[in-house]
Amino acid sequence: MAAHLTHWGVFEADSDGQRLTAVRPWRGDPEPTPLIENVASAQHHPTRIDQPYVRQGWLERGPGGAGRGDEPFVPVSWETAVELVSGELHRVYGEYGAQAVYGGSYGWASAGRFHHAQSQVHRFLNCLGGYVRSVHSYSLGTSQVLLPHVIGSMGLFEGHATAKSVLVEHTQLVVAFGGLSPKNSAVSPGGVSRHNTRTWIAAARARGCRFVSISPLRDDIPAEASAEWIAARPGSDTALMLALAQVLDADGLADKEFLDRYTVGYERFIGYVRGETDGVVKDPAWAQAITGVSAQRIRSLAREMAAARTMLNVSWSLQRAEHGAQPLWLGVVLAAMLGQIGLPGGGFGHSYGSCAHVGDPARGQSVPRFPQGGNGVSAFIPVARIADMLLNPGEPFDFNGMRLVYPAIELVYWCGGNPFHHHQDLARLHTAFTRPQTVIVHDAFWTATARHADIVLPATMSIERDDFGSGQNDREFFPMKALTRPHGASRDDYAIFAELAERLGVGKEFTEGRTVEEWLRHLYEQWRAGLDDPTVPEFDEFWDSESFTVAVPDPEQVLFADFRADPDRFPLTTPSGKIEIFSETIDAFGYADTPGHPVWLEPEEWLGAATRFPLQLIANQPRAKLHSQLDVGAHSRSVKIGGREPVRLHPDDAAARGLRDGDIVRIFNDRGSCLAGLVVDDAVRPQVAQLSTGAWYDPDPADPSFCRHGNPNVLTADRPASTLSQSCAGQLALVEIEPYQGVLPDVAVVRPPATVERVS
């Protein structure tokens, strides 16, 4: 028996050396998740990649995108694959330079700090001269751009949020815009040792804390909260927040002393709320027409917030939408008006319910990780603009006050991640992926990204290699010994890159002469030496243990407590050193979709403007897997209906369309369509369809805009949330649903793609 770390928890496993024979939750986890069931069942699934493959057209005709994503693959030896990859890298770097290579990756590859796929591919490409990189994330790109202008870095809200134990003791009211999702709070980058979301919420509730969840989904918060559900129209939170601000102002409930000392720009903002700038008072009656929430409830909620120690939390989902900066910014503004920022249990939160580690006290030291080296290329894109980059090389675009140009990419090297899960308008991305000369992918499974590659190199799962890991803010640091042999001929990314680096003449730069074991020992001892803590065990003792508990300096941390105590000595990192309710910097950018203070901007796709497509699609995160990881695993498959992702619909909306629970339905709009299995559920607001992301994209060969498996990103728009952030806006779209007519097509993505033997 051995313990092993994943992004969704720790599990204990028995192994016969070839496969896991039993998987159980780690005994130290009080709230384990069933996602661990996906690991063992997926390991030897038919979609595991067993050896290197090359797309037939690329092999026979040479570099070029024609047929990519549609043609069969040719199995080849590792020797041939390494020769082809190294030769193509040598050619592209030699002919076009490092600025023609895009190093794609994403942070949700398997847990483990050394075999972190993003670090591996970036270090390798940096040894060759660099690569075009991406910045920020699909999950919270708007937050990463906006918050530094307004209050501070996103890292503060993830790593230094007020501790959950403090909320339990002091908070009287939690108002959760976007809920406190139990499924999202079950996962964390790098891993989770002890889940505690239901525990802290139950303890707070037992002490008398009230919870209000503002979401289109009643179950967007654990049952332990006994929460009041306010089901505003999706995309209308900004209007609701403005009306709350108007009540606080009109009733004299805004904390003027706090606003004067700790903020700038309040008068310009509140003039807009009062209607002085546009003639429209943003009062509860105005908001009722937009949100569907009664003016009376808006008014009473504002007064309840002012009368209690209140934590206002804005989930990541709200900023992952068109104009997503507005409700995020307003969450900060409302908390400032209440004057509770920096007080125990009060203020503003922006991640509770979005990731497990938020509200766990920050560690004294981050755990060791594989260094990436320096990148010789300055060009970059916001991560959600990959299709724009591939389709529009040389075109200018605006981002966070900068005027940038999309680079011309000839080679994409992807390792760790599945953009055909994260990205929007997948038919457009399918087209974009035909533009580079070559796409190289490392993956353990035949995901859609692997199927859109020219050269596919089989990578190990974390259970098949030695590593160590710890999640963000997690106190436990785990040795992660290999539990089984690798599947087929798969290799870990380090072994692949080490051989390629040797072929390309940069072997010493990449490996520094170390094996995996030597790197683990070196990184650990280097980290240990910097801690000056005699209780930290030496590597051999750590490696033979179950885990090591890392020290936490401030178990009862309160976000912005120092700033509140002395704003002159502990200023914020904003231009003014204060909370910027009006940002001179943002205002100077001149972006019409992000003015200098938060405003109501009507989204292009929302129920207030619904016409041909009368349902609001909520494309949120799945509950049976993390993103699209291990979608072929047993737990993920167990929630599917007819082998397809489930879509939830209110009983009234189902009845109006003649639909019944369990039906296979077609969801569609002008961008695309997909099939899904219907779940009729009154936990969904009327006029809302909830279809989680994560189903492996399975396009009809004749129509890439039609997914047979239920991926909602054939329906979502590939438009930025704003000019400021250029971030993902994939949370919401307008759709219609109808019964599926005709013979149901197979779900092909659960089988390997077609292969052919090489013709010499």
Side-chain angles (χ1 to χ4, degrees), residues 99-100 102-104 131-154 235 238 265 268 272 316 318-330 332 375 377-409 419 422-425 428-429 431-432 435 573-576 580-605 716-732:
Q99 66 275 7
Y102 181 71
Y131 61 96
V132 174
R133 73 191 194 280
S134 64
V135 299
H136 303 140
S137 74
Y138 281 92
S139 295
L140 42 87
T142 291
S143 307
Q144 290 165 314
V145 174
L146 176 74
L147 289 175
H149 293 295
V150 173
I151 191 168
S153 74
M154 185 60 212
T238 296
R268 294 191 66 169
Y272 167 77
W316 293 357
L318 266 64
Q319 55 87 58
R320 199 165 49 245
E322 190 180 6
H323 309 311
Q326 305 309 313
L328 174 59
W329 200 343
L330 275 164
V332 176
N375 190 347
V377 175
S378 60
F380 68 90
I381 61 165
V383 68
R385 302 274 60 80
I386 181 174
D388 286 352
M389 174 185 70
L390 296 177
L391 292 169
N392 304 296
E395 289 293 315
F397 68 101
D398 291 300
F399 167 66
N400 199 16
M402 295 176 280
R403 186 72 166 170
L404 304 174
V405 174
Y406 288 121
I409 299 300
H422 293 286
H423 205 70
Q424 285 65 59
D425 196 345
R428 185 172 186 260
L429 184 64
T431 300
R435 299 303 173 87
T573 55
T574 60
S576 65
E580 303 217 355
I581 294 175
F582 181 91
S583 167
E584 297 282 358
T585 301
I586 293 177
D587 191 58
F589 294 159
Y591 302 146
D593 58 4
T594 314
H597 62 72
V599 297
W600 164 248
L601 298 168
E602 184 173 331
E604 186 173 334
E605 291 189 49
T716 55
D718 187 9
R719 68 165 72 93
S722 68
T723 308
L724 175 74
S725 68
Q726 292 290 345
S727 59
C728 165
Q731 183 79 9
L732 305 175

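Because only heavy atoms are used, hydrogens play no part in the values below, and waters and symmetry mates are left out as well, while side chains stay in.
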Open item on the list: Tell me the closest heavy-atom pair linking A384 and S727, and the distance in Å.
Closed with: CB-C, 4.0 Å
TODO: Please report the C-alpha distance between V135 and V383 in whole Å, then the side-chain angles of each, then the deciding distance to 0.1 Å, and finally whether the side-chain contact (heavy atoms from CB on, under 4.5 Å) criterion is met.
DONE: CA-CA 6 Å; V135 299; V383 68; over 6 Å; no
I want to check something: taking the side chain as every heavy atom from C-beta on, are [X] and [Y] in contact at a cut-off of under 4.5 Å?
| X | Y | answer |
| --- | --- | --- |
| R133 | N375 | yes |
| T238 | L601 | no |
| Q326 | W600 | no |
| T594 | I586 | yes |

Open item on the list: Apply side-chain contact (heavy atoms from CB on, under 4.5 Å) to residues Y102 and M389 and explain how you reach the verdict.
Closed with: CA-CA 10 Å; Y102 181 71; M389 174 185 70; 3.7 Å; yes
TODO: State whether the side chain of E322 and the backbone N or O of A729 hold a donor-acceptor pair below 3.5 Å, judged by distance alone.
DONE: no
Task: Side-chain donor or acceptor of R435 paired with backbone N/O of P393 under 3.5 Å - done: no
Say you draw a straight line from [atom1] of [X] to [atom2] of [Y]; how long is it, rounded to the nearest 0.5 Å?
| X | Y | atom1 | atom2 | result |
| --- | --- | --- | --- | --- |
| H136 | Q144 | NE2 | CD | 5.0 Å |
| C728 | Q319 | SG | CD | 8.0 Å |
| E584 | R268 | CD | CZ | 6.0 Å |
| M154 | T142 | CE | OG1 | 11.5 Å |
| L147 | E580 | CG | CD | 12.5 Å |
| L330 | I581 | CG | CD1 | 10.0 Å |

- [ ] Apply the test side-chain contact (heavy atoms from CB on, under 4.5 Å) to residues R719 and E605: give CA-CA distance (whole Å), side-chain angles for both, the deciding distance (0.1 Å), then the verdict.
- [x] CA-CA 11 Å; R719 68 165 72 93; E605 291 189 49; 3.3 Å; yes
TODO: Assess the side chains of H149 and N400: does a donor N or O sit below 3.5 Å from an acceptor N or O?
DONE: yes
- [ ] Give the intermediate values and the outcome of ring-ring contact (aromatic ring centres under 6.0 Å, His included) for residues F397 and Y406.
- [x] CA-CA 7 Å; F397 68 101; Y406 288 121; 4.1 Å; yes
Open item on the list: L724 vs D593, test: side-chain contact (heavy atoms from CB on, under 4.5 Å). Steps then yes/no.
Closed with: CA-CA 8 Å; L724 175 74; D593 58 4; 5.6 Å; no
- [ ] Quick one: which residue pairs count as a salt bridge (charged side-chain N to carboxylate O under 4.0 Å, His left out) with a foot in residues 377-400, not counting sequence neighbours?
- [x] R385-D388, R385-D718, D388-R428, D398-R403
- [ ] Can you label the angle between the Y138 ring and the H423 ring as parallel, tilted or perpendicular, going by 30° and 60°?
- [x] perpendicular
